[in-house]
Amino acid sequence: MNYDFTEIEAKWQKYWAVNQTFKAVNNSDKEKFYVLDMFPYPSGAGLHVGHPLGYIASDIYARYKRHKGFNVLHPMGYDSFGLPAEQYAIQTGQHPAITTETNIARYREQLDKIGFSFDWSREVRTSNPDYYKWTQWIFIQLFNSWYNNDSNKAEDIATLVSIFEKEGNETVNAVSDEDIVAFTAEEWKAFDTKKQQEILLQYRLTYLADTEVNWCPALGTVLANDEIVNGVSERGGHPVIRKKMTQWSMRISAYAQRLLDDLATIDWPQPLKDSQTNWIGRSQGASAVFKVKGHDAVIDVFTTRPDTIFGVSFMTLAPEHELVSKITTPEQKAEVEAYIEATAKRSERERMADVKTISGVFTGAFAEHPFTKEPIPIWIGDYVLAGYGTGAVMAVPCGDQRDYDFAKHFNIPIPNIFEGVDISEEAFADKEKTIITNSDFLNGLPYKKAMKLAIYELEKIGQGKGKINYRLRDAVFSRQRYWGEPFPVYYVDGMPQMIDAKHLPIALPEVEKYLPTETGEPPLGNATVWAWDTVSNSVVDNSKINNTTVWPLELNTMPGWAGSSFYFNRYMDPNNENEIFSKTAIDYWQDVDLYIGGSEHATGHLLYARFWQKFLFDKGVVPKNEFAKKLINQGMITGTSAFVYGFGVGVKNIDENKGVVKLQRYIVPKYSFDKAVKGDFDDLMLSVVEKELSRFKEVGNIDVEWDKSLSALTPLHVDVNFIDASNVLDKELLLNDIKYSDLEFVSENEYIVGREVEKMSKSKYNVVSPDSICEEYGADSLRLYEMFLGPLEQSKPWNTAGITGTHGFLKKLWKLYHTGENGAFYVTNSPPLEGSGEALKTLHKTIKKVEEDIENFSFNTSVSTFMIAVNELSAQKCTSRSILEQLIILVSPYAPHIAEELWNKLGHSESISTAPFPKFDASHLVESSKEYPVSFNGKMRFKLELPMDFSKDQIEEAVMSHEKTIEQLAGRAPKKVIIVPGKIINIVG
RNA sequence: GCUCGAGUGGCGGAAUUGGUAGACGCGCUGGAUUCAAAAUCCAGUUCUUCGGAGUGUGGGUUCGAUUCCCACCUCGAGUACCA
């Protein structure tokens with residue numbers, strides 16, 4: 001009986017679905033284990049073999065944990081709001097919900113074929129109103145909260161109001177907007193409701209504010225910093241400009257320090273932690289206040305080097321700085337304005353690409369040094385960013401290279417405040433070796449002491465204080481898109497009001513068009529039924545807006561990361577209509593034990609999700625401060641593209657004959673091609689030239705001359721599905737493909753393609769889909785092969801040819817259980833015979849290795865281990881049930897279908913999925929002798945079998961008298977003999 | 001520029017606390033079986049001038065280094081005027 005994977009896999013996939021084998025319960029005596037994959041965006045292209053890599057790894061781990069007796073939660077769902085479906089809707093008019101539904105169906109079909117042990121009863125979709133009801137609910141919670149720096153957590157806005165009522169805002173230590181105006185309790189009470197609401201907005205954790213945003217005209221929406229790559233949009237690569245807009249923002253900056261500190265408490269990859277650390281960008285220093293001469297204005301700067309304050313020789317403001325227009329002198333006005341206009345025109349991208357050009361303009365105004373009272377010229381320059389710190393710097397050219405370059409360029413003095421340091425060529429930025437001089441009270445002090453003293457003195461004169469600055473900005477939360485979560489917000493006199501949570505969800509309205517309106521409003525501006533009736537508490541027709549009981553609803557939608565910032569918690573109780581999840585569920589599941597996904601989410605999803613988790617923790621909604629204890633980034637699977645080498649013969653004097661004879665593309669061997677690229681045309685290439693010239697003569701009766709320089713030498717991507725394991729191209733398949741039908745091969749021989757590793761993509765014809773692999777080799781072969789390719793975290797190239805290795809292994813495994821007549825299933829019930837302990841040894845070393853491998857997420861090596869085990873047991877002709885039964889449990893997490901089938905044949909009526917994992921017994925591995933490697937000066941020269949219980953002396957005697965030792969030493973006396981019993985022998989001499 | 005990661009046969013990779021470098025698989029070579037092919041099975045496969053040499057390069061620690069330390073080179077990822 002042969003290994004019929006098609007039948008076996010269909011059978012067990014059906015069995016698991018019908019029996020709900022992997023359904024997890026929310027209360028159990030068993031210990032819980034939560035294994036999570038980053039849920040996918042269901043794109044129209046479907047999955048390629050790179051996508052399931054992480055899912056296979058997590059599935060192996062989940063199945064392993066079930067064998068280990070855990071109650072495992074292993075859910076899957078879809079991050080189903082997003083741009084591609086909406087872009088498609090704009091182009092075709094098809095509702096994004098339909099596109100999304102179709103794509104999800106395709107994903108599900110593909111996932112099911114791979115045999116994952118997901119609990120599908122818990123599936124979530126972020127675009128489903130039952131789900132985004134809770135996204136909206138969290139938004140309302142954020143709106144109703146403020147961040148109290150004293151308790152260091154989010155608190156209900158009511159506690160803030162009661163403080164305002166008692167003491168005004170002077171004593172409040174909150175994270176808030178920068179431009180807070182002080183008021184007393186009496187003043188607060190005297191404010192009208194609108195004024196009070198405006199003030200509260202400055203404290204809420206989600207707030208409406210005019211912010212400089214990254215506007216992408218092509219996409220018609222704003223983008224978050226992490227959605228921009230190299231100055232263009234991550235999706236589509238469109239240009240991005242700065243623009244001021246009224247937007248919802250999330251006060252993530254309130255959590256900057258906790259997001260940083262708690263990285264130490266989670267087992268996440270160091271590179272990922274590093275990139276979050278850099279993204280948060282904490283820097284410690286001081287704020288210093290410089291008075292502007294002749295104005296009552298002051299310039300507030302942030303500096304990490306208050307110790308260098310006596311080295312200040314000018315100040316630089318960002319061109320966008322609000323003081324610029326106020327302080328610029330009439331003489332400088334024209335120049336300054338021209339400069340501002342010029343910089344505003346430059347796109348973010350140009351500004352980034354061109355960091356070497358130094359530009360700036362003097363404003364004509366002077367600041368006053370806080371200690372020396374000397375005048376300091378105030379410049380503007382675009383090397384100062386409006387968005388960082390206060391948008392102003394105190395320039396210390398001797399200690400900062402950018403300030404130095406600026407000073408040199410504009411001939412501004414560069415005072416030296418470092419003892420014994422030469423600054424004639426460049427600035428001196430080394431903090432450690434610094435001794436300050438020419439600096440009044442800081443003279444003679446090293447960096448740390450000078451820093452402390454400078455801050456102390458600044459505080460004393462009331463012109464500065466110690467400060468910690470973060471690069472992390474508050475996150476813009478509004479998108480001018482259709483296919484996203486609507487805000488549960490309506491506007492009364494322009495002030496946002498939350499809809500009561502009991503009326504959620506606020507479902508997306510239908511629209512005619514998915515584009516912005518003619519007046520430039522977001523797509524929801526096209527909705528005709530999009531007003532809130534505060535009497536009926538329902539969404540009503542816009543015509544009913546009366547500005548007394550019926551009000552307009554928010555037109556923006558939420559960004560992609562909203563729905564993905566808490567889905568891991570919702571999986572715990574995904575169908576709960578009354579709560580985000582039940583207390584029972586969250587108390588049992590707590591948090592994610594293992595999270596697997598791509599590293600590209602380091603500063604997006606993974607930072608926002610940590611932020612929301614901390615907020616929900618503060619509010620007592622979740623019991624854990626961090627949502628995932630351990631995280632692993634799976635590496636990318638790249639494609640191995642295949643190339644043929646095209647040669648188009650270039651000819652002279654062709655102009656007048658254009659169109660008469662079409663140039664032929666010849667396919668030449670790689671070695672001839674490579675030589676030709678270097679200018680060396682071999683005989684074969686020359687024969688092609690001759691052939692082409694005579695073809696011109698024949699077809700068009702034209703005499704042409706070859707022009708070497710016009711010859712086209714181009715590698716052409718060919719579909720990897722046309723290539724066999726030996727890199728031989730199936731020419732017929734290729735020529736039948738319309739894209740390649742004009743090619744002509746110069747030789748009849750088989751054609752060896754060139755190969756190159758590239759990203760897997762349609763345009764490179766190197767995409768391999770899991771479906772075709774499952775069809776040809778089966779899901780178990782695919783699962784094993786994906787793991788076998790290499791370490792999970794590393795990126796590695798896919799090469800379909802290699803799958804015959806794991807497929808062959810499964811056949812051998814099957815055969816091991818089918819040694820009966822005509823390949824019938826056969827096992828013996830007798831215990832392994834005495835003296836045939838070899839099988840037990842094989843089994844137990846396999847148990848040990850596989851268990852260690854899974855615990856270390858080293859899945860590639862356990863596949864090798866299985867191969868070795870099956871090779872050995874086959875050689876031993878092992879048919880013992882007790883061995884084979886244990887073996888198949890070991891294999892089961894990796895190749896679950898064949899495992900279920902063999903388990904069933906072994907006489908079990910229940911699924912193998914919860915069969916106890918085999919117990920390792922070291923006594924089976926005890927050896928009586930050891931084959932010692934004998935090294936001379938560290939080089940292994942021969943091996944020597946000696947009893948395990950030999951003492952050092954016995955070993956030395958045996959080795960030294962051995963003929964090969966005598967031969968190696970060739971008469972020399974060894975200086976030293978190192979013996980590590982049970983390990984090695986090394987003779988030095 | 002800065003931060004992080006990685007360099008081992010023709011290829012993917014293994015060597016878990018320093019102890020037999022190249023496990024396992026692909027590919028390749030030869031053989032068996034077959035009318036033939038596929039499939040299957042067996043043997044070989046780092047290089048070599050057959051002494052040895054060898055884990056990107058050069059140095060160091062050690063009886064012994066792919067593994068630890070220093071310097072450098074190359075590739076990849078992230079980030080980018082962050083004051």
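Convention: sequence-line order gives letters A, B, ...; per-chain numbering from 1. The structure displayed is predicted, hence computed values, not measured ones.
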Heavy atoms only, 4.0 Å cut-off, all strands: where does A:Gln270 land among base, sugar-phosphate and nothing? nothing
Calculate the interatomic distance between A:Lys759 atom NZ and B:G76 atom P; express it in whole Å. 15 Å
Aromatic centroids of A:His807 and A:Phe5 separated by under 6.0 Å: yes
Rounded to whole Å, the OH-C1' distance (A:Tyr388 to B:C81) equals 12 Å
Suppose we call two aromatic rings close when their centres sit under 6.0 Å apart. Are A:Phe857 and A:Tyr61 close by that rule? yes
Classify the ring geometry of A:Phe406 against A:Tyr383: parallel below 30°, tilted from 30° to 60°, perpendicular beyond 60°. tilted
Give A:Asn871 one of three labels, base, sugar-phosphate or nothing, depending on what nucleic acid heavy atoms sit under 4.0 Å from its own. sugar-phosphate
Protein-nucleotides 12-14 of chain B N/O pairs under 3.5 Å:
unit_1, atom_1, unit_2, atom_2, d
B:G12, O2', A:Leu789, O, 2.5
B:A14, OP1, A:Asn860, ND2, 2.9

Please work out if A:Lys811 contacts a base, only the sugar-phosphate, or nothing of the nucleic acid, heavy-atom cut-off 4.0 Å. sugar-phosphate
Taking OP1 and OP2 of B:U79, is either one under 4.0 Å from a side-chain nitrogen or oxygen of A:Arg471? no
Distance, rounded to the nearest Å, where A:Lys812 contributes NZ and B:C24 contributes P: 10 Å
Using the rule given for side chain to side chain donor-acceptor pair (under 3.5 Å), can you reason through A:Ser858 versus A:Thr861, listing the C-alpha separation, both sets of side-chain angles and the distance that settles it, and then say yes or no? CA-CA 6 Å; A:Ser858 173; A:Thr861 49; 2.6 Å; yes
B:A39 and B:U55, which share atom name C1', separated by this distance in whole Å: 37 Å
Answer yes when A:Lys764 and A:Glu756 have at least one side-chain N-carboxylate O distance shorter than 4.0 Å, and no when they do not. no
Does A:Arg941 reach a base, just sugar-phosphate, or nothing at all? Heavy atoms under 4.0 Å. sugar-phosphate
Between A:Ser935 and A:Gly391, just flag the one whose closest nucleotide in RNA chain B comes earlier from the 5' side. A:Ser935
Mind checking the C1' distance from B:G7 to B:U49? Whole angstroms is fine. 29 Å
Which listed nucleotide (B:C4, B:A80, B:U16) is nearest to the side chain of A:Pro271? B:C4
Using the rule given for side chain to side chain donor-acceptor pair (under 3.5 Å), can you reason through A:Asp382 versus A:Thr343, listing the C-alpha separation, both sets of side-chain angles and the distance that settles it, and then say yes or no? CA-CA 7 Å; A:Asp382 68 0; A:Thr343 47; 5.8 Å; no
Pair A:Tyr3 + A:His818: ring centers closer than 6.0 Å: no
Could you go through nucleotides 59-67 of chain B and list every protein N or O atom that sits under 3.5 Å from one of its N or O atoms, giving the distance for each pair?
unit_1, atom_1, unit_2, atom_2, d
B:C63, O2', A:Asn986, ND2, 3.2
B:C63, O2, A:Asn986, ND2, 2.9

If you find the nucleotide of RNA chain B closest to A:Lys815 and the one closest to A:Gly805, which residue's nucleotide is nearer the 5' end? A:Gly805
Contact class for A:Thr303 vs. all strands (heavy atom < 4.0 Å): base, sugar-phosphate, or nothing? sugar-phosphate
Let's see if you can work this out: which of B:C24, B:C81, B:G19 has an atom nearest to the side-chain heavy atoms of A:Met867? B:C24
With syn defined as a glycosidic angle within 90° of 0 and anti as everything else, classify B:G12. anti
Writing each nucleotide of RNA chain B 5' to 3' as (, ), [, ], | or . by Watson-Crick or G-U pairing under 3.5 Å yields (((((((..(((......[....)))((((((.......))))))((....))..(((((..]....))))))))))))....
Please classify the nucleic acid contact of A:Thr804 as base, sugar-phosphate, or nothing, using heavy-atom distances under 4.0 Å. sugar-phosphate
Determine the Euclidean distance between corresponding P atoms of B:U16 and B:C11; express it in Å to zero decimal places. 23 Å
Do A:Asn766 and A:Ser641 have side-chain atoms, one donor and one acceptor, less than 3.5 Å apart? yes
When rounded to the nearest 0.5 angstrom, what distance separates CG in A:Leu729 from CD1 in A:Ile752? 9.5 Å
A:Glu852 and A:Asn856: side-chain donor and acceptor closer than 3.5 Å? no
Donor-acceptor pair between A:Thr800 and A:Trp798 side chains, under 3.5 angstrom: yes
Quick one: A:Asp403 CG to B:A83 P, roughly how many Å, whole number? 11 Å
Using atom P in both nucleotides, what's the gap between B:U79 and B:A15 to the nearest angstrom? 31 Å
Over how many whole Å does the gap from A:Glu793 atom CD to B:G5 atom C1' extend? 12 Å
Could you check whether A:Asp300 and A:Thr390, counting side-chain N and O atoms only, form a donor-acceptor pair closer than 3.5 Å? no
Does the side chain of A:Ser862 come under 3.5 Å of the side chain of A:Thr865 through a donor N or O and an acceptor N or O? no
Please measure how far the P atom in B:U66 lies from the corresponding atom in B:G9, and state the result in whole Å. 14 Å
Could you state the CG-C1' distance from A:Asp274 to B:U3, rounded to the nearest angstrom? 7 Å
A:Leu272 has an atom CG; how far is it from atom P of B:G78, in whole Å? 13 Å
Please give, in whole Å, the distance from B:U79 C1' to A:Leu385 CG? 14 Å
B:G9 glycosidic conformation (syn if within 90° of 0, otherwise anti) is syn
